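Each remark here refers to the structure printed beneath this line.
Protein chains get the first letters and strands the later ones, always in sequence-line order, with residue 1 at the start of each. All values derive from a computational prediction rather than experimental measurement.
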Protein chains: 2
Amino acid sequence: MVKNTRRVQRGEESLSRERIVEASIALLDSGGESGLTFRALAERLATGAGALYFHVANKNDLLHAACDAVVASVMAAAATGAAPRENIRAIGIGMFDAIDARPWVGAELTRAAGKMPTVRLLEGIGRQVVALGVAQQAQWLVASTLLNYILGVAGQNAANTAAAMATGAVRSHALAAVAADWSQLAADEYSFTRSIAGQLREHDDREDFLAGIDLILEGVAASRPSVTSSRQAAARKAST
Amino acid sequence: MVKNTRRVQRGEESLSRERIVEASIALLDSGGESGLTFRALAERLATGAGALYFHVANKNDLLHAACDAVVASVMAAAATGAAPRENIRAIGIGMFDAIDARPWVGAELTRAAGKMPTVRLLEGIGRQVVALGVAQQAQWLVASTLLNYILGVAGQNAANTAAAMATGAVRSHALAAVAADWSQLAADEYSFTRSIAGQLREHDDREDFLAGIDLILEGVAASRPSVTSSRQAAARKAST
DNA sequence: ACCTGAACACCGTTCAAGT
DNA sequence: ACCTGAACACCGTTCAAGT
């Protein structure tokens with residue numbers, strides 16, 4: 001505390017992992033994934049590039065920590081006391097909007113399998129699955145299916161917005177461009193995709209995302225008798 | 001044809017996009033994503049790095065084309081004449097195994113939103129959704145939900161196996177390591193994740209993946225009356 | 001038209017040297 | 001213990017020069 005007199009006098013706090021992650025988020029937000037550089041980070045924090053390695057293992061660690069900070073705040077905001085089904089939708093919408101604003105979060109999420117940011121999501125979803133009354137044997141299936149669906153949408157949305165930002169267009173224009181591409185595919189080889197292209201243009205992908213969650217939840221409701229009681233009975237028989 | 005006498009005499013074909021993509025796949029398979037380099041590619045093809053740019057736009061184009069080639073062959077192999085539900089499972093399993101063998105395909109898939117490789121998947125899935133008897137209004141929802149789920153699993157699996165390969169471990173060991181990490185989380189903050197950690201260790205993630213597809217398909221079956229006939233009726237009313 | 005390979009403008013990461 | 005910043009070992013991409 002007393003040591004860093006010089007920096008404290010300059011009105012800055014000393015270098016810390018927290019400050020580095022914070023600055024990384026700012027760089028990612030303004031310049032995308034290629035905007036995060038150890039050199040740019042060092043300049044922004046008025047230090048040398050090598051100093052950063054004293055607080056952060058490497059660039060992966062940095063990306064990971066930045067993503068985790070965003071996910072943590074989304075999960076905190078989505079923790080309302082509503083019904084399980086509404087809570088799951090709130091988590092989904094929270095992630096959807098966060099990735100809409102910060103595509104780099106979606107991209108990083110697909111690389112962080114089993115690590116903190118995805119575990120946070122799994123925990124949040126899992127608790128709601130339990131509250132939903134899903135039997136223990138099916139909890140992993142339901143939670144991981146929802147998680148994988150959300151991560152899939154996250155990745156695709158991140159790629160879409162990143163591509164849109166690269167060409168200078170707005171996100172909605174990017175979707176229109178995709179729809180236009182699709183309608184020019186060979187009629188015989190891509191009959192389904194072509195038939196759906198028009199529909200894609202009109203649809204709101206936020207609503208589509210929620211409808212997907214509802215579809216999965218409907219599957220849960222439909223299979224509850226077979227997934228729960230019958231398997232529990234089978235397990236009971238097996239252990240006898 | 002007659003021009004490239006020198007290369008033909010050496011017993012090589014002339015440089016082409018096809019040969020470049022083929023060599024890229026070989027490099028990606030043996031060295032992972034960091035193994036694909038314009039310098040390594042040039043050496044393998046006995047040419048200069050700059051020559052490659054005559055046939056390929058940039059590294060993204062290369063990655064994209066390599067991924068598409070793999071997906072195309074998976075889709076071709078999965079096109080059996082079985083029942084729609086079985087065909088969807090075959091597509092899923094085909095992709096799962098392809099990504100298991102080549103993690104870079106899963107990673108690239110998450111970056112190629114709306115482009116060829118994902119369109120190929122969408123088309124294959126969509127045709128089965130149509131064959132399943134899903135009403136037109138719900139086809140996009142069902143197909144895109146399945147697609148996003150598959151892409152989500154693809155991304156996570158790719159990250160898992162890539163991480164395992166980096167530490168020199170086998171894939172199953174990596175899952176065990178994740179399970180071990182999870183059981184050491186704070187008991188109060190991560191109660192669900194901890195409770196599921198044991199289950200994760202025993203489960204076969206290929207089976208889990210298929211169970212997720214089945215869960216979504218059960219949601220489709222359950223909501224068919226409401227999603228199809230009632231909406232069709234509403235549409236009919238609206239257009240009157 | 002196609003290829004060569006040196007050069008350019010970057011990267012992440014390391015490490016002797018400082019305080 | 002923490003920080004500096006030059007140096008290292010790479011990248012993707014470009015481009016004059018060749019055939």
Side-chain angles (χ1 to χ4, degrees), chain A residues 1-21 23-24 27-28 30-67 104 107-108 111 162-163 166, chain B residues 1-21 23-24 27-28 30-67 104 107-108 111 162-163 166:
Chain A
M1 299 264 153
V2 197
K3 294 180 209 159
N4 311 325
T5 328
R6 207 186 58 196
R7 253 174 306 278
V8 169
Q9 282 178 339
R10 276 203 269 146
E12 299 175 18
E13 300 146 28
S14 75
L15 212 50
S16 69
R17 184 179 168 91
E18 207 174 24
R19 278 190 70 217
I20 294 174
V21 171
S24 298
L27 283 176
L28 286 162
S30 63
E33 282 186 81
S34 63
L36 178 60
T37 278
F38 275 82
R39 281 166 179 82
L41 205 48
E43 195 188 6
R44 180 178 253 263
L45 293 167
T47 182
L52 301 168
Y53 283 87
F54 207 89
H55 301 93
V56 168
N58 50 40
K59 195 174 180 178
N60 264 348
D61 184 23
L62 209 48
L63 235 22
H64 189 263
C67 176
W104 58 269
E108 177 58 20
R111 291 180 216 118
Chain B
M1 298 267 152
V2 196
K3 294 181 208 160
N4 311 326
T5 328
R6 207 187 56 196
R7 255 176 302 278
V8 170
Q9 283 178 339
R10 275 203 269 144
E12 299 175 17
E13 300 145 28
S14 76
L15 213 49
S16 69
R17 184 179 167 89
E18 207 173 24
R19 278 192 69 218
I20 294 174
V21 171
S24 298
L27 283 175
L28 287 162
S30 64
E33 281 186 82
S34 63
L36 178 60
T37 278
F38 276 82
R39 281 166 179 83
L41 205 48
E43 195 188 5
R44 180 178 255 264
L45 292 167
T47 182
L52 301 168
Y53 283 87
F54 207 90
H55 301 93
V56 168
N58 50 41
K59 195 174 180 179
N60 264 349
D61 183 22
L62 209 48
L63 235 22
H64 188 263
C67 176
W104 58 269
E108 176 58 20
R111 291 181 216 117

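Across all their heavy atoms, A:R17 and A:A65 have their closest contact at NH2-CB, 3.6 Å. Of all heavy-atom pairs between A:C67 and A:E108, the closest is CB-CG, 3.4 Å. In this structure, B:A23 and B:L45 approach most closely via the heavy-atom pair CB-CD2, 3.9 Å.
The interatomic distance linking B:L45 (CG) with C:dG5 (P) rounds to 14 Å, in whole Å. Spacing between atom CD of B:E43 and atom P of D:dC11 amounts to 11 Å, rounded to whole angstrom units. For the pair B:L15 CG and C:dC2 P, the interatomic distance rounds to 11 Å; values are reported in whole Å. With rounding to whole Å, A:I20 atom CD1 is found 11 Å from D:dC3 atom C1'.
Residue pairs that meet the salt bridge (Lys or Arg N to Asp or Glu O under 4.0 Å) test with at least one member in residues 43-55 of chain B, sequence neighbours left out, do not exist here. Applying the side chain to side chain donor-acceptor pair (under 3.5 Å) definition to pairs two or more places apart or across chains, none involves residues 51-60 of chain A.
Inter-residue side-chain proximity for A:L62 and A:L52 is flagged as unmet; no heavy-atom pair is nearer than 4.5 Å.
A residue-by-residue look at B:A49 and A:A51 shows that A:A51 has its nearest nucleotide of DNA chain D further toward the 5' end.
Rounding to the nearest 0.5 Å places CZ of A:F54 at 11.0 Å from CD1 of A:I20.
Listed by residue number, the members of residues 52-65 of chain B with any heavy atom below 4.0 angstrom from DNA chain D are B:Y53, B:N58, B:K59. Residues of residues 30-40 of chain B having a heavy atom closer than 4.0 Å to DNA chain C, listed by number: B:R39.
Residues passing the side chain to side chain contact (heavy atoms under 4.5 Å, CB included) test with B:A163: none are found, sequence neighbours excluded. The side chain to side chain contact (heavy atoms under 4.5 Å, CB included) check on B:A49 picks up B:A42, with sequence neighbours excluded.
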Contacts under 3.5 angstrom, residues 32-40 of chain A side chains, donor-acceptor by atom type, not counting sequence neighbours:
unit_1 : atom_1 : unit_2 : atom_2 : d
A:E33  : OE1    : A:R111 : NH2    : 2.8

- [ ] Starting at the 5' end of DNA chain D, write a dot or bracket for each base, bracketing those in Watson-Crick or G-U wobble pairs whose two distances are under 3.5 Å and using | for partners on another strand.
- [x] ||.|||||...|||||.||

